[in-house]
Structures are given as structure tokens and as C-alpha cells.
Amino acid sequence: MAKKPISFVLNGQDTSVFVEQGGNLLDELRRTVGDLSPKFGCGQGTCGACTVLINGEPQLSCLVLAERVEGQRIDTNGGLAEGPDLHPLQKAFVEGFAAQCGFCSSGMLMAAKALLDRNASPSRDEIAEAISGNLCRCTGYEPIIDAIVVAAENMRRRTT
Amino acid sequence: MSIEVKSFDTLRQASEVLGGSAQYIAGGTLLMRKVNYGDQSFNQLVQSTDPALKQIQSQGDEILIGAGVTMSEIMQHPQLQFLGEVARSVGGPAIRNMATIGGNLFAPRPYGDMATALLALDANLHWASGQQQSLEQFLERSDAARDIVHSISVRQPPTGAFQYLKVSRVKPKGVSLLTVAVLLNRENGRTGNVRIAFGGMAPEPRRAMAAEQALQGASLDESGIQRCLAACTEGMAPADDSLASSWYRNEVAPVYLKRLLLQRS
Amino acid sequence: MSRVEFRKDLFADERSDDLNEVGKPTIRQDIIGHVRGTTRFYDDHLFDGLLHMRCVRSPHHHARIRNINVSGAESMPGVRRIVMPSDVPNNLNTLLSLIGFGRDDEPLLSSAKVAYKGEPVCAVIADTERQARDAVAAIKVDWEVLPHVLDVEQAIQPDAPVVNETYPNNLFDYGRFDHQKLRFGDVHSAMQRADKIVEGQYQMSPIEQAPMETCGAIAAPETNERIVCHTATQALFFSLGTTAKLLDVPSSRLHFIGGTVGGGFGGKVDSITEPMAVLGALLTGKPVKFHWDREEEMQVGAPRGAERWVIRDGVMNDGSIIAREFTGYFDCGAYTRLSSYAIQKGVGHLPGPYTIPNVAANVYCVYTNRTPATAMRGFGITGVDFAIESHMDKVAEAVGMNPIELRIHNAYRDGDMKAHRRVAKNTALIECCQVAAQKSNWQLGPQYASASSLRDGGSTERAAIPETAVDMVGKIGERRSSSIAASPAQGTERVPAGQASELLSPLPLQHADMQIEPSRVGHTVKATAPLANAAGAPPPAATAHRETTQPPATQVSTPVSQQSPVSPPESLPASSTGSYQQPPRDQPAASPPEAPAVKPYEPQERFNKGMNRPGAARHLINRRRR
Ligand SMILES: Cc1cc2nc3c(=O)[nH]c(=O)nc-3n(C[C@H](O)[C@H](O)[C@H](O)COP(=O)(O)OP(=O)(O)OC[C@H]3O[C@@H](n4cnc5c(N)ncnc54)[C@H](O)[C@@H]3O)c2cc1C
């Protein structure tokens with residue numbers, strides 16, 4: 001089956017690739033584009049390790065038909081850091097020990113970013129809700145919620 | 001058998017190629033899993049960019065919702081507030097950005113929370129072929145015709161008349177162990193017209209007719225709802241699965257129905 | 001921000017707190033890569049022309065393979081190779097063979113029969129994952145379905161189907177016995193003295209480790225005939241050794257790269273994906289990825305096995321537990337993997353962190369037609385700890401005591417002798433209980449609030465190895481033979497107090513450095529006997545060495561009972577005759593025995609829970625939870 005050419009904006013960069021028909025966005029990002037930050041954990045939408053933002057909204061890239069992102073804006077954890085500097089969320093994850101094995105981190109960070117983009121000072125419940133589609137087997141979630149609280153504080157301070 | 005994807009401008013065109021080895025893909029939250037896991041029963045995906053899929057229109061107290069409207073879009077729409085709680089109970093945030101109301105009507109248990117709510121609300125389906133059908137009729141027949149749901153119409157319930165409860169094991173959210181939705185009109189302190197729908201208590205969302213009848217004209221208190229509770233699992237066929245046994249579901253269904261009925265009064 | 005509380009006030013003089021790193025929180029070195037998404041997990045190594053390998057798996061719990069028809073699959077688009085069991089050079093292995101423990105019992109791909117649902121029988125290598133899946137679906141296996149057994153106690157009945165031909169009794173062999181024994185003191189006579197007997201049964205379910213990253217490996221040919229393998233393994237050299245053995249390649253040809261694990265929790269030691277991927281690379285000369293999808297991870301990924309425990313305690317009214325019996329059944333699934341070893345570790349942990357002078361345990365490693373079990377956090381310990389701590393609550397209720405006080409009352413203290421004959425050191429249960437009580441606002445009586453692990457332990461009584469009743473019940477194969485009932489078992493003995501009883505040491509020491517200092521243990525291994533074996537191949541588990549040695553003289557004052565080792569037994573009750581576990585009448589009936597100076601010990605009732613006595617009740621807990 002012929003591959004299809006598509007173009008989209010990945011982490012601010014124009015990107016054009018040929019994708020497999022029926023291929024999912026996760027595979028194409030990883031194997032074709034080479035952005036390895038989203039991870040395969042289940043291929044069925046239950047784990048959240050493949051979470052990316054499509055036009056600013058979190059979606060599960062393993063369940064997105066790759067050709068559907070033609071012309072869309074995609075953000076992944078691969079583009080979250082500001083050059084050599086960590087994003088405040090990434091920094092808070094480091095300092096708060098919110099990553100252990102690291103496999104859920106990229107998806108978790110994108111879910112958190114989508115939340116903070118909408119809501120600069122979320123409650124702990126709102127944070128728990130925002131990451132409820134992202135599983136973590138190491139931390140027990142509390143350090144992750146703590147880190148997001150801290151990141152939100154730091155980001156508010158930065159903008160004011 | 002690699003997959004071939006076909007796109008159509010209108011739903012009607014798309015519906016014409018369905019059947020055999022072609023499947024319609026909406027949000028893809030269920031279908032893409034099958035693709036990823038190599039399901040051998042189909043090798044074509046059919047999609048459509050028909051703008052009708054995304055429409056939300058109201059005519060009087062009836063609202064027409066395009067089948068491609070997502071759970072997140074329902075949550076954000078001012079006229080769909082009565083469904084907001086239902087939409088919020090589906091999946092996590094990412095799933096809600098993808099999952100459509102139309103796809104939910106076809107979701108096997110333990111899914112179909114929105115379908116359960118829509119069954120209690122007596123929603124109607126509008127098919128791409130132009131046919132109309134009540135959701136109840138659609139759910140009853142087992143051999144789903146190969147057509148595409150174009151939109152869903154539902155009457156806005158009077159304030160406070162619609163109640164919804166989803167029971168799941170994982171907090172803050174998980175799949176449904178069972179789901180209850182009740183539409184209850186009140187006449188002089190007694191119950192008037194009632195519709196009670198259960199999700200997770202049968203292969204498809206199902207009305208608890210005997211319980212509805214028993215509630216007709218009853219007073220909404222412990223003793224008034226007794227007969228309704230006793231009858232609520234009549235005709236149900238809950239599953240034995242990894243979430244719960246059918247025994248457990250039968251035991252707790254009346255408990256949750258009671259909480260739902262009494263919390264309102 | 002850390003939620004960890006460091007209780008530096010406890011045992012402050014046992015450590016120095018002026019170290020730069022040890023004892024202080026530190027930022028893990030790999031976390032920057034994790035949060036940037038730049039950490040390379042095994043699947044983050046990209047290879048041009050990567051091929052994908054997937055298995056054909058059994059839909060049955062137990063079935064013979066009559067025929068595998070691959071003709072349809074071979075010619076499908078993208079298919080490079082069908083891998084059959086005959087492609088595996090050395091297709092039988094057991095994980096622990098690398099340390100000489102147990103017999104090879106598991107094929108990489110099964111050719112004759114399958115013994116659990118999901119067991120692989122052949123594999124496809126194709127250009128894309130989808131093509132591999134399509135070809136797998138096109139392979140037709142002709143199955144002859146066999147009766148299966150899923151319950152541990154049913155599996156050890158004489159008529160149960162044989163799960164694993166290497167262990168035809170459906171039990172792993174421990175030395176001469178079909179179970180792991182622990183004997184310390186004399187539980188039976190202590191039970192008779194006890195004010196109360198408290199019995200409980202505990203059943204765990206299998207638990208999947210469910211790491212976020214599923215198990216997988218990518219293998220690719222390198223220069224110099226070597227194969228590089230990127231893997232998710234938790235046990236790099238284990239995986240390397242296993243691959244070398246199964247594929248019969250020198251380990252020098254294998255270049256394994258790992259250490260970056262997307263969650264393991266014990267579920268990534270079984271070394272299955274690595275030999276598969278390397279085999280694929282050897283057969284195709286191309287980079288090959290073999291990984292489990294989530295469904296495979298859940299279905300065939302080895303879980304923490306289910307355990308069933310029966311605990312029986314003899315308790316005094318003041319809460320002192322004076323005797324504790326265990327019968328344990330580990331459901332190891334169809335193949336041994338690590339269960340045999342988990343049991344040894346679990347039995348070393350009995351009777352939990354409590355000083356109990358009389359302990360006995362029979363623990364069975366049972367083969368069933370379930371997914372093979374393996375390690376999970378707290379290897380060998382967590383399941384039985386759940387049972388023990390549940391049982392402690394039950395005991396507390398039975399004697400009307402505060403459950404935390406009951407634990408403190410029975411807790412081991414520094415210097416106490418544990419049932420596996422080592423002296424307890426660095427104990428901290430009491431302090432844990434006190435902190436837990438404090439955190440949960442649970443009142444403790446003054447003597448419990450002020451108790452300490454450092455005090456009251458190691459008294460002559462608490463440090464002693466008691467006189468111990470041992471037996472030969474449960475020899476390998478007995479359980480399955482139909483003539484069990486008639487033949488009496490071999491002797492019951494008393495091992496005098498202060499002695500190490502029986503030491504089964506299937507493994508010789510590899511190096512003199514490994515000799516444990518006598519002062520650290522309750523028993524020592526004589527330098528001569530077991531070491532003699534060290535030069536040759538590791539002995540099979542069955543060649544156990546029996547060692548009886550004195551503990552260091554300082555540890556135990558010679559107990560009185562050593563001079564007069566047996567207590568006069570009651571006469572044998574008639575009720576226990578007719579069982580193969582009947583205590584011995586070792587003298588031939590024809591010539592009346594000379595009366596021994598001291599009559600041999602004959603307990604009234606043997607510790608024999610879970611033994612397969614005809615007509616005896618078993619601990620069957622096979623009611624469905626509904
Ligand atoms: C992690 C996860 C969690 C979930 N949690 C929930 C939950 O809590 N509650 C719940 O109810 N569901 C849940 N779901 C299931 C699913 O996401 C929803 O039911 C969703 O609404 C399905 O819609 P979709 O657009 O994604 O369907 P798709 O996957 O696109 O399609 C599903 C099926 O419906 C058919 N179909 C879709 N739209 C139409 C149409 N307009 N006309 C005809 N046929 C159509 C398709 O052909 C396909 O067979 C969950 C799914 C996942 C993966």
C-alpha cells in the first residue's frame with residue numbers, strides 16, 4: 001500500500017513525512033520522524049505514555065491515525081525544554097523525584113503542560129484529574145502531583 | 001493485509017462503502033486499538049470530513065448533536081450542561097478529546113456510559129441514509145446495520161430531572177463497574193414519567209422496565225422506592241469479569257439506584 | 001518536598017551521620033534524561049531495516065501439538081522467516097541453571113505440548129509488525145486439548161495431569177523431599193501446652209508487575225560476528241548467559257546493552273525476549289525486534305505467583321506465640337523460573353519477624369497449567385508476610401489484645417535465634433510498630449511504648465537452638481504413588497538442642513571468601529565435606545549434604561536436654577495409623593525389639609498439613625469468589 005505524504009508542525013518545526021496507511025501517530029513520530037520522547041506502553045490508550053498535544057490538547061498518539069494530523073500542530077516532550085534549560089515542569093519533576101524509571105514521564109509532562117496552559121493555579125484534585133489517564137508504576141503519583149504544584153507556582157512567579 | 005484508509009466528504013458517501021472488510025472510524029479510541037493489535041476482520045478504514053458530524057443545534061428544547069462531537073466538546077458547550085457530568089466520566093482527559101458521542105453508542109461493555117445516559121433521556125438516532133430510530137430500538141437489535149449515525153437528538157430534561165451515577169473501582173476515574181441514569185418527572189411530590197437505564201448490567205445499556213413501573217406514582221422515600229429497588233435487576237444479565245462478578249453487580253445495583261433516587265429529594 | 005521522613009533518632013549510635021552521600025537524599029543521575037525524554041530505553045535505538053518478530057501462542061491451558069501448518073504464512077508479504085522449535089539449538093533451559101539450581105524444564109518454543117495459555121510454539125519474522133501479526137494469524141496449529149489443573153492442591157493429587165514432564169510429581173524437588181522443610185523445636189508438644197490454637201488460611205492471587213514498558217529486546221549483527229542486543233532486562237548477565245545457553249553461542253559473541261529499564265519490579269528477569277531477538281538476528285542476519293504487546297505482557301509475562309498459606313499458632317493467654325506451623329503452596333505455573341528459589345527465601349523468613357521457639361513449615365512449589373510465575377518486589381517474602389500479618393491480627397483478636405502490642409510482645413530482638421538458625425541482628429520491628437502507632441494515634445501501653453529492639457533479646461532461652469523434632473515425610477515421588485497409605489514413613493528423630501539440624505546445601509561454595517564467619521551464624525559448614533564437591537560440576541539439587549555441627553560455644557550454653565535428648569512420648573494414638581505418615585515403628589514385628597534405654601520420640605500427631613493422605617481433608621480453597 002502506498003505511503004501518504006503529510007505535513008505538520010512538530011514542536012514549532014515544519015515537518016513532512018510519508019506515513020504508513022493505518023499507521024498510528026506514535027509509530028510515525030518515533031520511527032519515521034525520530035522523536036523518541038513519546039513511548040509505547042500499551043497501544044490501546046490505557047497507559048498515557050504516548051500522550052502528545054495536538055493543537056494544544058492532550059491526545060493519545062497510539063490511537064491517532066497518523067494521516068489525520070495533516071496541517072496540525074503537535075507538541076511532544078521532546079520540544080518542551082527551552083534549549084539547554086529545562087521547562088519549569090521538567091525542573092520540578094527532577095527536584096521532586098517525580099520520575100523513577102522515566103517511562104511515563106514524557107506523557108505525564110505533556111498532560112501536565114496541557115493543564116497548566118489552561119489553568120495556571122490548579123488544585124491538587126484538578127491535577128489528579130488531569131493526569132488520570134497517565135499511569136505511573138513507580139512513584140505512587142504523590143511526588144508527581146507535588147511537582148506540578150511547584151511548577152505552577154514557579155511559572156506564575158515567572159509571568160508576574 | 002495492510003490497512004487502507006478512505007476519506008469521503010459526506011457521510012452518505014462513506015456509508016455506501018461500509019460493510020465487509022471496511023469499518024467507519026470516528027474518534028478511533030476503540031478502533032485504533034484493533035488496528036494496532038492486528039484485528040483480521042477488516043482492512044479498510046473509512047472516514048469522513050462531513051461538517052454535519054460536528055454540529056450542535058437546538059430547536060426548542062430538542063438538541064441535535066453531531067455524531068462526531070467529542071466528550072470534551074460536550075463538556076464545553078453551554079447547552080449540553082446536562083450531559084457534562086456524563087461526558088466528564090468517560091476516560092481521562094486525552095480520551096475525552098478523542099472519544100465521540102457516536103462511537104460511544106457502539107462501544108461494548110464495560111464502555112457505553114454516554115449511551116446509557118442517552119437511553120434514559122430517550123434519544124433518537126439520525127442515520128446517514130436519512131432513517132431515524134430511537135436509541136432504544138437500536139440497542140435492542142443485535143445485528144447492527146452497516147450505516148453511519150449522522151447525529152443524535154435529545155430533549156433537554158427539566159432542571160433536576162436527570163440523574164447519573166457511574167461506579168468504578170479506580171479513582172479519580174476508571175471504567176464502569178456499572179452505570180445508572182434516571183430521568184424522573186415529578187407530579188405533586190409523586191413520581192410521574194420515569195426512565196431508568198443501566199450500563200454494565202447487560203451486554204448493551206438496558207432499561208429497567210419493571211423498576212420504572214414500580215416507581216410510577218410512588219413517593220420518593222425509603223419505603224416508596226422499595227418495590228422499584230427490588231425489581232431493578234429484573235431482565236438484566238450482568239457480566240462476570242475482572243471488574244466484578246455478576247453476583248456483585250446484582251447486589252449493588254439497587255444500592256446505587258437508591259442513592260441516586262434519594263439524593264435528589 | 002520529599003515525603004520521606006528520616007528517623008535519625010532511632011539507632012543513632014549504630015551509624016555515622018557525617019558521610020557525604022550515604023544517608024542523604026540525592027538526585028538520581030539519570031533523571032535529567034527521563035524528564036527531557038532523551039533517555040534511551042531499548043526500543044529507542046533505531047535500526048534501518050528493523051524486522052519484527054511475533055509468536056504463535058497456545059489458546060489452551062494444556063494441549064499436545066499434533067501439527068503446525070505454516071504453509072499459508074510463509075508466502076505472505078513481508079515474511080522473512082518462520083522460526084520453529086527446531087531452530088533453537090538447545091531448546092530446554094531453566095533460568096536458575098546458571099547457578100546450578102534445578103533441572104532444565106522449559107523450551108523457548110514448545111514442540112511437543114503446551115502447558116499454559118499463551119505458551120509460544122513458533123514465531124514469524126516480517127518486515128513490519130502488522131505483517132508479522134497477519135502471518136501469525138495465518139498459521140494453523142492442530143491442538144489435542146489435554147485435561148488441565150489450575151489449583152495447587154488439586155495438582156498434587158495422584159491423579160492430576162502431569163504439567164511439566166521434568167517434574168512428574170507436579171512438585172519441585174528439594175533435596176530428598178518434595179517440599180521445603182523447616183523444623184525448629186517441637187511444634188506439636190508446644191501446641192499441647194498452648195492456651196489457644198489459632199488457625200487461618202490465606203490465599204493470594206497472581207500479581208502482574210505491569211511495568212510501563214513491556215518486555216522486549218532488539219538484536220542486530222555487529223562487525224566481528226557479534227550480535228548486539230539492546231534489552232529491557234533487569235538482569236543483563238542472566239539474560240546473556242541464558243541466551244548463550246539456549247542458542248549455543250559463546251557469550252563472547254553477545255554484546256548486551258541494558259540497564260535502562262522502563263519499570264521492572266521483578267518482571268524483567270526471565271530472559272525470554274533476548275534469546276528470541278538474538279535468534280531472529282542469527283537466522284536473518286538483520287536487526288530484529290521481539291517485544292510483548294500489552295496483552296502479552298499481561299497474559300504471558302510471568303507474575304508474582306499465587307500463594308496459599310495455612311498458619312496454625314499455639315498461643316498463650318498473655319499473647320506469647322509459642323508455636324507456629326505453616327503449610328505453603330506456591331503456584332509456580334507451568335515452569336520453574338524463579339519460584340523454587342523464592343520459596344527458599346520465603347522459608348528463611350519464617351515465622352516472620354517474631355521470636356517463636358517452635359516452628360515448622362512444609363512449603364510446596366507446585367506446577368499448574370498457569371502462566372509461569374517469577375520474581376516480584378519482596379521476592380519470596382511479600383505473600384507470606386501478608387499471611388503472617390493477617391494472622392497476627394487474628395491472634396490478637398483471639399487473645400483480646402491490641403494488635404500492635406501483640407506484635408511488640410512477640411517481636412524479635414537483637415540476639416534472638418531465628419528459626420533458620422541465624423541470630424537476629426539489627427532488628428527494628430518494635431520501633432516500626434511504635435512509629436506506626438504514633439502516626440495513627442494508636443495508644444500503646446507503657447511497657448510497649450518503651451520497648452526496644454536492643455533490649456531483652458538474646459537471653460539464654462531466646463538465643464538457643466531448641467531440641468528439634470525432624471521427620472522424613474514427603475520424600476520425592478511418595479505423594480503420587482498409590483501405595484503410600486500402607487507403608488510407614490521413615491524415622492522421626494530428635495536433633496539435640498544447640499545443633500544445626502539438617503543443612504541442605506545444594507551449592508558448594510565457589511570461593512573460600514564466601515565462607516560465612518562462624519560468629520555470624522547459628523550453624524557452620526564444615527570445611528571438608530561440602531567443599532569436596534566444589535571442583536566438579538555443580539551437583540544436582542538432589543545431592544544434599546547433611547551437616548550437623550556445633551554452633552559457636554559462646555552462643556548457647558549446653559542445654560540440659562542434650563544429655564537426655566528425648567522426652568518420654570505418649571503412646572501412639574490408634575487414629576493416626578493407616579497413614580503413610582504414620583510415625584515409625586522401626587523394629588520388625590517378628591522379633592520383639594530390645595527395649596531401648598530411652599524410648600524413641602513418637603509424637604502424638606505429626607505436623608502434616610497439606611500432605612496427601614488418602615481420606616484426609618486438604619486445604620482446598622477453590623471456592624470461586626462470587
Ligand atoms: C483508555 C480508555 C478509556 C475509556 N473509558 C471509557 C469510559 O469511561 N466510558 C465509556 O463509555 N467509554 C470509554 N472508552 C471507550 C471509548 O473511548 C468511548 O466509548 C468512545 O466514545 C468511542 O468513540 P470513538 O469515536 O473513539 O469510536 P471509534 O473507536 O472510532 O469507533 C468505535 C466503533 O463504533 C463505530 N462507530 C463510531 N462512530 C460511529 C457512527 N457515527 N456511526 C456508526 N458507527 C460508528 C466504529 O465503526 C467502531 O466500530 C474508553 C476507551 C479507552 C481506550
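In the text below, chain A, chain B and the rest are named by the order of the sequence lines, each starting its count at 1.
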Original post:
Between the main-chain N or O of B:Val90 and the side-chain N or O of B:Asp113, is there a donor-acceptor pair closer than 3.5 Å?
Top reply: no
**OP:** Flag the pair B:Arg249 and B:Asp240 as a salt bridge only when some basic side-chain nitrogen lies within less than 4.0 angstrom of an acidic carboxylate oxygen.
**Re:** no
Original post:
Are B:Glu73 and B:Lys54 close enough for a salt bridge, meaning some N to O gap below 4.0 Å?
Top reply: yes
Original post:
Do any of residues 27-44 of chain A come closer than 4.5 Å to chain B, heavy atom to heavy atom, and if so which ones, in number order?
Top reply: A:Cys42, A:Gly43, A:Gln44
Original post:
Using non-hydrogen atoms only, which part of B:Leu30 is less than 4.5 Å away from chain A: side chain, backbone, both, or neither?
Top reply: neither
Subject >> Pick from A:Glu67, A:Met110, A:Arg68 with the largest number of heavy-atom pairs that fall under 4.5 Å of chain B >> reply: A:Arg68
Subject >> Residue, of A:Ala114, A:Ala111, A:Cys62, that accumulates the most heavy atom pairs under 4.5 Å with chain B >> reply: A:Cys62
Original post:
Is it the case that more than 12 heavy atoms not belonging to A:Glu82 sit under 6.0 Å from its CD atom?
Top reply: yes
Subject >> Check: B:Asp39/B:Ser41 side-chain N/O donor and acceptor closer than 3.5 Å >> reply: yes
**OP:** For B:Tyr24 and B:Ser15, indicate whether the former's side chain and the latter's backbone hold a donor-acceptor pair under 3.5 Å.
**Re:** no
Original post:
Measuring heavy-atom distances to chain A, does B:Val35 have an atom under 4.5 Å in its side chain, in its backbone, in both, or in neither?
Top reply: side chain
**OP:** Determine, for B:Lys6 against B:Glu16, whether the closest basic-nitrogen to carboxylate-oxygen distance falls under 4.0 angstrom.
**Re:** no
Original post:
Going by an N to O cut-off under 4.0 Å, is there a salt bridge joining A:Glu142 and A:Arg124?
Top reply: yes
Original post:
Given the options A:Thr51, A:Leu65, A:Leu53, which has more heavy-atom pairs under 4.5 Å with chain B than any of the others?
Top reply: A:Leu65
